[in-house]
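The structure under discussion appears below in the form of structure tokens.
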Amino acid sequence: MAEEEDVLFQRFAKIFIGCLAAVTSGMMYALYLSAYHERKFWFSNRQELEREITFQGDSAVYYSFYKDMLKAPSFERGVYELTHNNKTVSLKTINAVQQMSLYPELIASVLYQATGSNEIIEPMYFYIGIVFGLQGIYVTALFVTSWLMSGTWLAGMLTVAWFTINRVDTTRIEYSIPLRENWALPYFACQVAALTGYLKSNLNTYAERFCYLLMSASTYTFMMMWEYSHYLLFLQAVSLFLLDIFTVEQGDKIHEVYKIYIFSLFLGYLLQFENPALLVSPLLSFVSALMLTKCLQLNVKKGTFVAKIMKVINFYLECTLPVTLNMIIKMFVPHTENEHMLEFLEVKFGLNMTKNFTVNWLLCQESLQTPSQDFFLRLTQSSLLPFYILVLIICLLSMMQVIFRRLNGKSLKETVTIEDGRIGERPEIIYHIIHTILLGSLAMVLEGLKYIWTPYVCMLAAFGVCSPELWMTLFKWLRLRTVHPILLALILSMAVPTIIGLSLWKEFFPRLMTELTELQEFYDPDTVELMTWIKRQAPVAAVFAGSPQLMGAIKLCTGWVVTSLPLYNDDDLLMRNENIYQIYSKRSAEDIYKILTSYKANYLIVEDAICNEVATVRGCRVKDLLDIANGHVVFEEDDKLTYSKYGRFCHEVKINYSPYVNYFTRVYWNRSYFVYKINTVISFQS
């Protein structure tokens, strides 16, 4: 009895210390982000306008709607104005909540007012505080996932260390706080942690039920926070489908996860104003087809010829039915295909070439290019990549052994012990290996996906070096006899992460402390002057035209109506962006005037940084892409060069001569920006 009490006490102490370490790690990371953000932008010493300018591009648009919600007389009125918004983009009424996934802003505004925080803290600090808090939850979830897989919270500590050191490649939080991924990925990490626990073989009923409920809640929340969440869940569903093929025992659990997907999709569809993107998503078609296939399965005696034929038929249905179902759904559900994204994928994979400005502009975005060598160099310098590759190879080879064992008709053990040396037999390990390979394959094509893949690289590498089972699997292959393999595996599972941790502490901890002690300064006086002029001098009903990134800042800082926004999930907005960008092309003053007046613009802002841009990537300057689209440069050998008889508009309009002065009157300028009033009455006097 005393021995049982000792075992229970040790187990409780281990769980308590691990949970304490996980929560502490998350809190410390959130505080670190807050301190770093303060040092980088000198945030507390800034005026409100200067703080808002730190939100750039689409981040500015998201935060601007949070401000609008706080200004609304009531929550209901605020939601109505966002869902019927005609005060953001000229000549366009949008459902901003659906189109931009503004549920984070709705929740933040409700919490701010309901908790009485308006008497304690400024709205901006409350907003960024929530995001930093979510990042702490993100780190805690990764900690727990690694702990569940390895059995030791030491793996969680190493995960957090690698995640923080490789912060440049694990998160974009320091550059763009309001991004949808910064709100959504913490919930996905919680879902993955719950799924990892749920897939474990030796789980008791209460723990399994808790994991299922947590997984359900986090899956739905993740889907509501990010418009692209269902694509990431589709990859997860593919991983679970492959796991189902390799392990018969987990079939029922996996189909329970499929039910969570379907429930979340339909509930999301209803609460996202009947968003058709969720119904035509590959996730719904794939999961529905797999569940339908399972219903069609017949109880046939194993090993017979009929059973083998049925397996082939089922596999054929599982591969073809999702595509067929998706095509049928698209026939009956009204939806808009993003033609630019489809063309982008064709060009990206070398299946086509195009002169289209939007497609070529997307190809030039850093997040949509292949990862640079610096990315792999950074991961190698922190020792993350070598250990990840080692862990991946061992787990993958062990997994292949399991597959061959199944193909040969050998049964798998229900519970795998350290002595067995078969780490690839554990279902949660198989899932993570498949998932990280799929994510890694996509991250090798699109650099932006590294922010999803790299955190799981940290988690998987930390789990591997801290897992006695992984070392035991390696020793089984090496047939180690000089030292007791189990003892050596236990020693290495503690010694290796300790050595890694000490080396990381020695090399990277001083750098992290330097980041917090050095006072950086974000100083953009030209933009501050521009926003101040707009608020003081421009009419309230004025409409501004310019680059999408600048329009996002104007929307946030002034609240004035703009002609375009830096959002790329809407074909109409993409077309607007291309048309407005023509101010940097070799087009006539009359052409530019017609384009701008078609959007009811009153003011035009020309940015010197774009007009005189020096690109780091060849052929990726905005003006170069416009010249290609307009046929003013040779794109292919067979092309005919069409010389423009007009100079570049952004240069010519600054000279103030006819016909430019007939259409545009300069009303403000500084070193970076030139503001022109678009004349309503045109004089053609020279």
Side-chain angles (χ1 to χ4, degrees), residues 30-71 88 104-105 108-109 112 117-133 135 171-179 182-183 515-538 540 542 544 546-562 564-566 603 605-610 667-675:
L31 291 172
Y32 166 76
L33 286 178
S34 180
Y36 178 75
H37 183 259
E38 169 62 29
R39 285 290 177 178
K40 183 176 181 180
F41 294 109
W42 207 6
F43 217 60
S44 59
N45 295 303
R46 296 285 183 187
Q47 297 295 321
E48 183 71 15
L49 178 60
E50 293 176 305
R51 292 175 187 171
E52 289 177 347
I53 287 173
T54 62
F55 295 144
Q56 299 181 352
D58 50 351
S59 296
V61 180
Y62 296 132
Y63 185 77
S64 71
F65 288 117
Y66 168 70
K67 280 182 62 178
D68 292 345
M69 281 298 299
L70 294 180
K71 291 176 184 176
T88 299
E105 282 66 35
S109 64
Y112 183 71
S117 299
N118 51 345
E119 300 176 0
I120 305 169
I121 188 172
E122 295 178 44
M124 182 174 288
Y125 279 106
F126 184 82
Y127 184 89
I128 63 177
I130 292 177
V131 182
F132 289 155
Q135 298 307 300
T171 177
R172 286 194 283 190
I173 186 69
E174 64 185 71
Y175 303 109
S176 305
I177 292 174
L179 284 180
N182 293 333
W183 286 90
E515 288 179 351
L516 295 181
T517 54
E518 283 185 355
L519 186 61
Q520 304 178 46
E521 189 171 0
F522 178 83
Y523 190 56
D524 190 359
D526 292 343
T527 305
V528 172
E529 290 173 9
L530 173 66
M531 300 303 167
T532 304
W533 181 87
I534 292 172
K535 293 170 78 171
R536 290 177 179 174
Q537 302 294 329
V540 177
F544 282 83
S547 71
Q549 288 73 22
L550 181 60
M551 294 302 100
I554 289 175
K555 160 63 182 156
L556 168 59
C557 298
T558 69
W560 264 245
V561 178
V562 295
S564 59
L565 290 175
Y603 289 89
I605 304 177
V606 175
E607 295 173 66
D608 205 50
I610 300 177
V667 291
Y668 173 81
W669 71 94
N670 59 31
R671 290 175 301 176
S672 302
Y673 304 102
F674 295 80
V675 182

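Values below: every heavy atom of this structure, side chains too, minus hydrogens, waters and symmetry copies.
- Going from atom CZ of Arg39 over to atom OG1 of Thr517 covers 7.0 Å, rounded to the nearest 0.5 Å.
- Separating the CG atom in Leu550 from the SG atom in Cys557 is a distance of 9.5 Å, to the nearest 0.5 Å.
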Side chains of residues 64-71: which donor-acceptor pairs under 3.5 Å do they make with residues two or more places apart or in other chains?
residue: Ser64; atom: OG; partner: Val61; partner atom: O; Å: 2.5
residue: Tyr66; atom: OH; partner: Pro123; partner atom: O; Å: 3.0
residue: Lys67; atom: NZ; partner: Glu52; partner atom: OE2; Å: 2.8
residue: Lys67; atom: NZ; partner: Leu556; partner atom: O; Å: 3.2
residue: Asp68; atom: OD2; partner: Lys555; partner atom: NZ; Å: 3.0

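- Residues satisfying the side chain to side chain contact (heavy atoms under 4.5 Å, CB included) test with Ser176, not counting sequence neighbours, are Ser59, Leu179.
- Taking the side chain to side chain contact (heavy atoms under 4.5 Å, CB included) definition, one finds that Glu122 meets it with Glu48, Arg51, Tyr125, sequence neighbours left out.
- For Thr532, there are no side chain to side chain donor-acceptor pair (under 3.5 Å) partners at least two apart in sequence or on another chain.
- Remark: Arg671 engages Pro525, Asp526 in a side chain to side chain contact (heavy atoms under 4.5 Å, CB included) (not counting sequence neighbours).
- Rounding to the nearest 0.5 Å gives a distance of 12.0 Å between NZ of Lys535 and CG of Leu530.
- Between atom CZ of residue Phe55 and atom CD1 of residue Ile177 there is a gap of 5.0 Å, rounded to the nearest 0.5 Å.
- Residues satisfying the ring pair (Phe, Tyr, Trp, His ring centres under 6.0 Å) criterion with Tyr112, sequence neighbours excluded, are Phe126.
- Partners of Ala553 according to the side chain to side chain contact (heavy atoms under 4.5 Å, CB included) rule, which considers only residues two or more places apart in sequence or in another chain, are Met531.
- The closest side-chain heavy-atom distance from Phe544 to Thr558 is not below 4.5 Å.
- Residues Ala108 and Tyr127 come closest through the heavy atom pair CB-CD1, 4.2 Å.
- For the 3.5 Å distance criterion, the side chains of Glu515 and Tyr32 qualify, holding a donor opposite an acceptor.
- Atom CG in Leu33 sits 9.5 Å away from atom CG in Asn182 (nearest 0.5 Å).
- In this structure the side chain of Tyr36 reaches within 4.5 angstrom of the side chain of Glu174, judged on heavy atoms.
- Atoms CE and OG1, on Met551 and Thr88 in that order, are 13.0 Å from each other to the nearest 0.5 Å.
- Between Gly552 and Ala60 the shortest heavy-atom distance is O-CB, 3.5 Å.
- Listed here is the closest heavy atom pair of Pro178 and Tyr62: O-CD1, 3.6 Å.
- Between Gly546 and Ser564, the shortest heavy-atom contact is O-OG, 3.8 Å.
- Partners of Ser34 under the side chain to side chain donor-acceptor pair (under 3.5 Å) rule, at least two apart in sequence or in another chain, do not exist in this structure.
- Taking a 6.0 Å sphere around CH2 of Trp533, one finds it holds more than 12 heavy atoms contributed by other residues, nucleotides or ligands.
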side-chain contact (heavy atoms from CB on, under 4.5 Å) between Phe674 and Ile605: does it pass, once the steps are laid out? CA-CA 6 Å; Phe674 295 80; Ile605 304 177; over 6 Å; no

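- The closest side-chain heavy-atom distance from Ile173 to Phe132 is below 4.5 Å.
- Donor-acceptor pairing under 3.5 Å is lacking for the side chains of Tyr175 and Gln56.
- Qualifying side chain to side chain donor-acceptor pair (under 3.5 Å) partners for Gln135, counting only residues two or more places apart in sequence or in other chains: none.
- Checked against side chain to side chain donor-acceptor pair (under 3.5 Å), Asn670 has the following partners two or more places apart in sequence or in another chain: Tyr668.
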